[in-house]
Amino acid sequence: MPFKIRPFQPSDLPSLYKICLLTADNGEDGSLLYRDDELVGHFFSAPYAILNPDMCFVATCNGEPCGYIVSTANSKMFSARCEDEWLPVLRERYPLDQYKGHSASDWVVGKIHQGHAPRPEFDRHPAHFHINCLPETQGFGLGKKLMMALIERLTASKVSGVHLEVSTVNTGAIKFYEKLGFQKIATFEHSLGYGMSLNP
């Protein structure tokens, strides 16, 4: 497939929402899981593209977006900006008392009200990211190309390190990140924290 990696453009935002939804069920289509098609993208893709567009990349196939990596170089600063510029409107739109169950929608709304506060275990690796590729484009090395584009940008920006958190049951993702050179730096109740040092 003729894949290309390029910097995020504002016109890509609807595609980020779509890809986020179509990969929201552990990499598979999550359309049936959410009351609102934009809900999962409101937390896991759009704020990065809006607040830190220079740290976001899009993968295209035949010119159409088919994957992305969205990131922030400074998780604490990103969290603060989300509290000021992004989350208040969403908290009004999705009142917590209307999402008290155990559905996927309830979980994401809970995250929106909780915010993006980074864990202290990741202080030495201040950058973090989210990466998604449409199911039909997986297995072609696209995820690695997106990761390399981001790592190159973070390194050039003198960022000391980057982290991620992955479910303990997502063995495929764990193998992917370990193969790229990420090292386990924390263990949580249902997830693992991985980090990569970039600039000593």
Side-chain angles (χ1 to χ4, degrees), residues 8-53 55-61 64-72 75 78-79 81-119 128-139 142-143 146 150 163-174 176-177 188-193:
F8 168 81
Q9 301 169 358
S11 59
D12 294 323
L13 189 59
S15 295
L16 263 61
Y17 272 106
K18 181 179 179 181
I19 294 168
C20 192
L21 179 65
L22 293 178
T23 56
D25 187 8
N26 291 315
E28 300 295 330
D29 188 351
S31 300
L32 299 179
L33 298 179
Y34 298 94
R35 300 188 209 173
D36 181 334
D37 285 351
E38 293 186 333
L39 179 57
V40 67
H42 282 325
F43 191 80
F44 290 106
S45 62
Y48 299 87
I50 296 297
L51 301 178
N52 296 127
M55 291 290 169
C56 302
F57 294 88
V58 170
T60 65
C61 181
E64 293 297 320
C66 62
Y68 65 78
I69 189 165
V70 293
S71 174
T72 177
S75 296
F78 175 74
S79 175
R81 288 194 66 190
C82 281
E83 289 297 325
D84 290 339
E85 305 174 40
W86 187 257
L87 293 173
V89 172
L90 292 176
R91 288 167 180 162
E92 288 187 12
R93 181 173 173 180
Y94 304 102
L96 190 59
D97 60 5
Q98 295 181 19
Y99 292 84
K100 288 290 190 180
H102 301 284
S103 70
S105 293
D106 299 326
W107 181 76
V108 175
V109 170
K111 300 288 283 185
I112 287 171
H113 284 266
Q114 176 184 338
H116 281 276
R119 295 182 185 268
H128 78 269
F129 63 91
H130 294 285
I131 182 172
N132 282 305
C133 296
L134 291 175
E136 61 267 26
T137 67
Q138 296 174 14
L142 195 55
L146 284 166
L150 176 61
H163 74 265
L164 64 98
E165 192 171 337
V166 60
S167 169
T168 53
V169 300
N170 196 344
T171 56
I174 290 171
F176 170 73
Y177 293 123
F188 306 111
E189 184 177 1
H190 301 294
S191 61
L192 300 173

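Note: hydrogens, waters and symmetry copies are ignored here, and every other heavy atom, side chains too, is used. We count residues from 1, following the sequence as given.
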Derivation and outcome, ring-ring contact (aromatic ring centres under 6.0 Å, His included), residues Y68 and H130 = CA-CA 8 Å; Y68 65 78; H130 294 285; 8.7 Å; no
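- Centroid-to-centroid, the aromatic rings of H113 and Y94 stay 6.0 Å apart or farther.
- Although no hydrogens or angles enter the test, the distance criterion places a donor-acceptor pair under 3.5 Å between the side chain of T137 and the main chain of L134.
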Would you please test L33 and S103 for side chain to side chain contact (heavy atoms under 4.5 Å, CB included) and show each step?
-> CA-CA 8 Å; L33 298 179; S103 70; over 6 Å; no
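- Pairing each heavy atom of P135 with each of T23, the nearest pair is CD-CG2, 4.1 Å.
- Closest approach of L96 and G110 over heavy atoms only: CD1-CA, 4.1 Å.
- S105 places a side-chain N or O within 3.5 Å of a backbone atom of R35 that can act as its donor or acceptor partner.
- Evaluation of the salt bridge (charged side-chain N to carboxylate O under 4.0 Å, His left out) rule for D37 yields no partner, not counting sequence neighbours.
- Side-chain rings of H163 and Y177 stay apart, their centers remaining 6.0 Å or farther from each other.
- Shortest non-hydrogen contact noted between S31 and L22 is OG-CD2, 3.8 Å.
- When every heavy atom of L146 is checked against every heavy atom of I131, the shortest pair comes out as CB-CD1, 3.9 Å.
- Counting only heavy atoms from C-beta outward, the side chains of F8 and M55 never approach each other to under 4.5 Å.
- In this structure, L87 CG and R81 CZ are separated by 12.5 Å, a value rounded to the nearest 0.5 Å.
- For H128 against Y48, the heavy-atom pair with the smallest separation is NE2-OH, 2.6 Å.
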Using the side chain to side chain contact (heavy atoms under 4.5 Å, CB included) rule, take K100 and D106 through it: C-alpha gap first, then chi angles, then the decisive distance, then the call.
-> CA-CA 6 Å; K100 288 290 190 180; D106 299 326; over 6 Å; no
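- Shown here for P47 and G41, the closest heavy-atom pair between the two residues is CD-O, 3.8 Å.
- Remark: side-chain polar atoms of Q138 are paired, donor with acceptor, to backbone N or O of C133 under 3.5 angstrom.
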